[in-house]
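Structure first, then comments.
Counting starts at 1 for both ligands and their atoms, following the listed order. We use all heavy atoms of the structure for the numbers below, so side chains are in, but hydrogens, waters and symmetry mates are not.
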Amino acid sequence: MKRMLSGIKPTGQLTLGNYIGAIKQFIEYQDEYEMLVFIADLHALTLPIDAKELRKNTKDLISVYLACGLNPEKVTLFKQSDVHEHAELGYIMACNSYMGELSRMTQYKDKTARISDHGSIPTGIFIYPTLMAADILLYDADYIPVGLDQKQHVELTRDLAIRFNNHYSETFIVPEPITPKTGAKISSLSNPEKKMSKSESEKGTLYLLEDLAITRKKIMSAVTDCDNEIKYDMEHKPGISNLLTILSSLTGKSIDELVQEYQGAGYGTFKKAVADVVCNELAELQRKVKEIQESNIIENILEEGAKKASYLARKKLSKVYRKIGLQ
Ligand code: TYM
């Protein structure tokens with residue numbers, strides 16, 4: 001059985017972008033692949049984060065994974081920091097990468113552009129992709145389901161794996177990124193040219209665990225053009241196209257079908273339909289999250305997951321140590 005792996009970092013609150021771009025794929029593939037899904041908590045340290053907030057985000061993330069339907073009987077669910085091999089292989093990957101290739105990463109450029117006016121750039125942001133490569137290569141993962149913004153990091157992982165294999169002989173599986181056909185890049189509702197993200201504007205971002213009255217309000221005031229025609233055209237109608245994408249991902253209907261269905265309906269009616277679907281889905285999710293957080297299953301699941309992941313990671317790191325002469 002081919003192996004699949006992915007993770008989300010517990011910074012800020014989870015967004016609808018995380019759900020559509022990543023989590024829905026995990027659920028879809030969990031029966032087809034041997035799957036590992038983790039909480040990328042070491043990655044959350046690349047920008048300053050309060051310890052209490054990190055703990056809360058971690059609990060929310062594992063609860064959301066479970067509430068969305070990831071089955072811990074099938075999927076290895078774990079916390080990155082519980083498996084120390086990630087940091088160790090991360091260091092080795094950093095030693096096998098070049099400053100040039102890391103500084104070309106789009107996310108690094110975007111994040112540092114935002115910081116550089118008023119402060120220093122944390123080294124963690126720079127070497128972030130080498131840790132991500134370690135996350136993937138430790139487990140011989142064949143496929144990596146991610147949203148579009150993370151594809152470049154998986155491509156770098158491929159380069160690092162190939163470089164290592166060429167230098168030290170065949171050691172790592174070269175992974176392939178998988179992005180969803182619809183919803184690989186959900187845009188901000190207030191600025192549809194930009195990605196919806198945890199760090200983008202509050203108004204433009206739908207959070208999975210927020211008050212649904214606020215969710216509805218954000219959708220109803222989503223930025224659109226003014227010709228009142230429901231049509232998919234990312235270039236000229238990014239706002240409406242984004243809402244069509246969200247609706248298509250959540251209902252399973254194709255964009256063409258939705259365009260037909262809402263022909264002549266007007267933006268108000270269309271937005272209300274999007275708000276109904278999003279709010280129904282999130283209401284159910286929030287109900288399950290609450291149930292999970294009130295139970296005491298989380299610790300056990302993470303403990304079991306860490307055991308399974310550690311077993312695989314230990315074997316791989318030991319092989320790497322032998323190849324490079326540390327063992
Ligand atoms: P993170 O935490 O920023 O995002 C988690 C996942 O959500 C996807 N995503 C989106 N997809 C569509 N539209 C959006 N607006 C949107 N926003 C976020 C991301 O593409 C991602 O798939 N570096 C990773 C975490 C990570 C990882 C890994 C992933 C660490 N190690 C190994 C895969 C394999 C990150 O920061 O994702």
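Using a 3.5 Å distance cut-off with no hydrogens or angles, the side chains of Gln30 and Asn71 do not pair a donor with an acceptor. Side-chain N/O atoms of Asn96 and His167 include no donor and acceptor closer than 3.5 Å. There is no side-chain donor-acceptor pair under 3.5 Å between Thr58 and Asp41. Defined by atom type and a distance below 3.5 Å, a donor-acceptor pair is present between the side-chain atoms of Lys323 and Ser169. Between the side chains of Asn242 and Tyr232, not a single donor N or O lies within less than 3.5 Å of an accepting N or O.
Closest of all the heavy-atom pairs between Gln25 and Gly21 is NE2-O, 2.9 Å.
Closest protein heavy atom to atom 29 (C) of ligand 1: Gly7 O, 3.4 Å. Taking atom 23 (N) of ligand 1 as the reference point, the nearest protein heavy-atom neighbour is Tyr128 OH, 2.4 Å. Looking from atom 11 (N) of ligand 1 to the surrounding protein, the closest heavy atom is Gly17 O, 3.2 Å. Looking from atom 13 (N) of ligand 1 to the surrounding protein, the closest heavy atom is Ile186 N, 2.8 Å. The closest protein non-hydrogen atom to atom 33 (C) of ligand 1 is Ser6 OG, 3.4 Å. For atom 20 (O) of ligand 1, the closest heavy atom belonging to the protein is Asp149 OD1, 2.4 Å. Nearest protein heavy-atom neighbour of atom 22 (O) of ligand 1: Gly147 N, 3.1 Å. Protein heavy atom nearest atom 6 (C) of ligand 1, with residue, atom name and distance: Ala22 CB, 3.5 Å.
The shortest distance between side-chain heavy atoms of Pro175 and Leu137 falls below 4.5 Å.
Judged by the shortest distance from any of its heavy atoms, Lys198 lies inside the 4.0 Å radius around the atoms of ligand 1. Contact between His153 and ligand 1 is absent, with no heavy atom of the residue lying under 4.0 Å from the ligand. The shell of residues lying under 4.0 angstrom from ligand 1, judged by heavy atoms, includes Gly183. Look at Ser197 and you'll find every heavy atom at least 4.0 Å from all atoms of ligand 1.
Checked against the 6.0 Å centroid threshold, Tyr108 and Tyr128 do not count as a close aromatic pair. Two rings, from Tyr139 and His86, have their centers less than 6.0 Å apart.
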task: Applying side-chain hydrogen bond (donor to acceptor under 3.5 Å, both in side chains), run through Asp60 and Gln13 and close with a yes or a no.
output: CA-CA 8 Å; Asp60 283 350; Gln13 301 177 51; over 6 Å; no
- prompt: How far apart are the C-alpha atoms of Phe126 and Met99, what are their side-chain angles, what is the distance that settles it, and do they pass the side-chain contact (heavy atoms from CB on, under 4.5 Å) test?
  reply: CA-CA 9 Å; Phe126 186 62; Met99 308 271 284; 3.8 Å; yes
Verdict with supporting geometry, Lys307 and Phe78, side-chain contact (heavy atoms from CB on, under 4.5 Å): CA-CA 9 Å; Lys307 270 192 218 153; Phe78 67 103; over 6 Å; no
field: Stepwise side-chain hydrogen bond (donor to acceptor under 3.5 Å, both in side chains) test for Asp227 and Tyr267
entry: CA-CA 9 Å; Asp227 73 5; Tyr267 288 175; 3.1 Å; yes
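Neither the backbone nor the side chain of Ser187 comes within 4.0 Å of ligand 1, counting heavy atoms alone. At a 4.0 Å heavy-atom cut-off, ligand 1 touches Ile144 through the side chain alone. Here Phe38 has side-chain heavy atoms under 4.0 Å from ligand 1, and that is the only part of it that gets that close. The side chain of Asp135, and not its backbone, has at least one atom closer than 4.0 Å to an atom of ligand 1 (non-hydrogen atoms only; side chain from C-beta on). For Ile20, no heavy-atom contact with ligand 1 is shorter than 4.0 Å. At a heavy-atom cutoff of 4.0 Å, ligand 1 is contacted by both the backbone and the side chain of Lys9.
Close contacts of ligand 1 with Ala40, meaning ligand atoms under 4.0 Å from a residue heavy atom, involve 30 (C). Near Val146, the atoms of ligand 1 lying under 4.0 angstrom from a non-hydrogen atom of the residue are 22 (O), 33 (C). The ligand atoms of ligand 1 that sit less than 4.0 angstrom from a heavy atom of His43 are 30 (C), 31 (N).
Looking at Met196 next to ligand 1, an N or O pair under 3.5 Å apart turns up. Among the atoms of Lys195, none of the N or O lies under 3.5 angstrom from an N or O of ligand 1. In terms of N/O distances under 3.5 Å, ligand 1 is approached by Gln150.
Atoms CG and CG, on Asp276 and Leu250 in that order, are 12.0 Å from each other to the nearest 0.5 Å.
Within 6.0 Å of CG in Asn296 there are 12 or fewer heavy atoms belonging to other residues, nucleotides or ligands.
Across Gly12, Ser249, Ala184, Pro129, heavy-atom proximity to atom 12 (C) of ligand 1 is greatest for Ala184.
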